[in-house]
Enquirer: 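Sharing a structure, written as structure tokens. Questions coming.
Note that ligands are numbered from 1 as they come in the structure, with each ligand's atoms numbered from 1 the same way.
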Amino acid sequence: MDAILDATGNPSSVHGPGRRARARIDQAREALARWLGLDPSEIVFTAGATEANNLALHGSARPAISAMEHDSVRAPVGDRAIYLPAAGDGQIDVDEAQRLIDQHQPDLVSVMAANNETGVIQPITNVASIAKNVGALVHVDAVQVPGRMDLAPITAVADLLTLSSHKVGGPKGVGALVIRGGTRLPALMAGGGQERYRRPGTENDAGIVGFAAALTALEDGESQRVRMLRDRFEAGVLARCAGVRIIGHEAPRIGNTSCLALPGPRAETQVIAMDMAGLCVSAGAACSSGKVAASHVLAAMGLDDDIVERAVRMSFGWANTIEEADQALDILEELCRGWSKRAA
Ligand code: PLP
């Protein structure tokens, strides 16, 4: 990426530097397609998952989406969507989804593969077959999947699939929408003919190359190591912080996420206290932090306001060690002790 950032040449130009930029993008697209088991023509690079989700949804007249989707799925459809409710464990309520999809006959059904706040894995294959029975397109926001669970069964049933580079350790501000062969989708923006007219604008070649490099460098055993860290951390929190609740743990989850309601002040205050102690966590979705609004994901699960207001999300990654997981525990134990003293 460093070398490419210094290179001139618009990938659409026919001169040498332009052709070299085009070749770099082509190679990255091919590497990504090989990794995903897709045809390179099915990948449309975007400026991240937000744009990919908007592109996937904006042409739908009658979308149905899960109530736990990221704001970049919810906001583009707003009131025109049918909302598929969550069950208390954080998975979509499949029976209710079936009833609503049969009743309303949507043209597109969008359900994320794994939730970014709780880590709960959604039953995509079931939902996809319900959607296909009424002839709807299936869109899956799969940004949380690569490196954490198998993407192949999801790619097999999705017509549209969203990916984000920074979720796999790549650069921020780049992502992709996979548009499976034969799926027709109107472009979101008008302009040039880049990305086969599906996403106009000069390509971010350094970002695209970084994205492909990060995704294809994911290591097989790493997700088990991260899950072991998360599970060790959660077992420790349950043992050392009285009154803690782990949200979503009754359902299958990806191994990096831990959503905790600790007995303490509101989540925003907890996040600041943890940050000052050296622990970087989020209240709800990181992209919405700063907002005072409670998490729509946790509210959709029917959790009490008191739990929703105190929920913080911890994520473990390849850069984390056992020592850090244990350090995080020490910090939480200390903070919880202080909070319960103050409450007493
Ligand atoms: N979808 C989910 C599930 C996310 O967690 C995020 C970001 O956190 C996005 C979409 C938006 O991704 P981006 O920041 O690449 O636009």
Enquirer: Could you list which atoms of ligand 1 come closer than 4.0 Å to a heavy atom of Gly48?
Expert: 15 (O)
Enquirer: Apply salt bridge (charged side-chain N to carboxylate O under 4.0 Å, His left out) to Glu30 and Arg34, showing your working.
Expert: CA-CA 6 Å; Glu30 277 158 25; Arg34 254 195 315 279; 5.1 Å; no
Enquirer: How far apart are the C-alpha atoms of Leu108 and Leu160, what are their side-chain angles, what is the distance that settles it, and do they pass the side-chain contact (heavy atoms from CB on, under 4.5 Å) test?
Expert: CA-CA 10 Å; Leu108 179 145; Leu160 303 162; 4.0 Å; yes
Enquirer: Select one of side chain, backbone, both or neither to describe which atoms of Glu51 lie under 4.0 Å from any atom of ligand 1, heavy atoms only.
Expert: neither
Enquirer: For atom 15 (O) of ligand 1, which candidate among Ala52, Ala142, Ser164, Ser72 holds the nearest heavy atom?
Expert: Ser164
Enquirer: Can you find a non-hydrogen atom of His166 under 4.0 Å from ligand 1?
Expert: yes
Enquirer: Under 6.0 Å from the CZ atom of Arg196, do we count more than 12 heavy atoms belonging to anything else shown?
Expert: no
Enquirer: For Asp306, look at atom CG and say whether over 12 heavy atoms of other residues, nucleotides or ligands are found less than 6.0 Å away.
Expert: yes
Enquirer: Mind listing the closest non-hydrogen atom pair of Glu42 and Arg180 along with its distance?
Expert: OE2-NE, 3.1 Å
Enquirer: Walk me through it: do Asp107 and Ser60 pass the test side-chain hydrogen bond (donor to acceptor under 3.5 Å, both in side chains)?
Expert: CA-CA 6 Å; Asp107 59 359; Ser60 165; 2.6 Å; yes
Enquirer: Side chain or backbone of Lys172 under 4.0 Å from ligand 1, or both, or neither, by non-hydrogen atoms?
Expert: neither
Enquirer: Within the 4.0 Å heavy-atom shell around Met112, which atoms of ligand 1 are there?
Expert: 3 (C)
Enquirer: Would you tell me which option among Val143, Asn115, Thr50 has the nearest heavy-atom contact to atom 2 (C) of ligand 1?
Expert: Val143
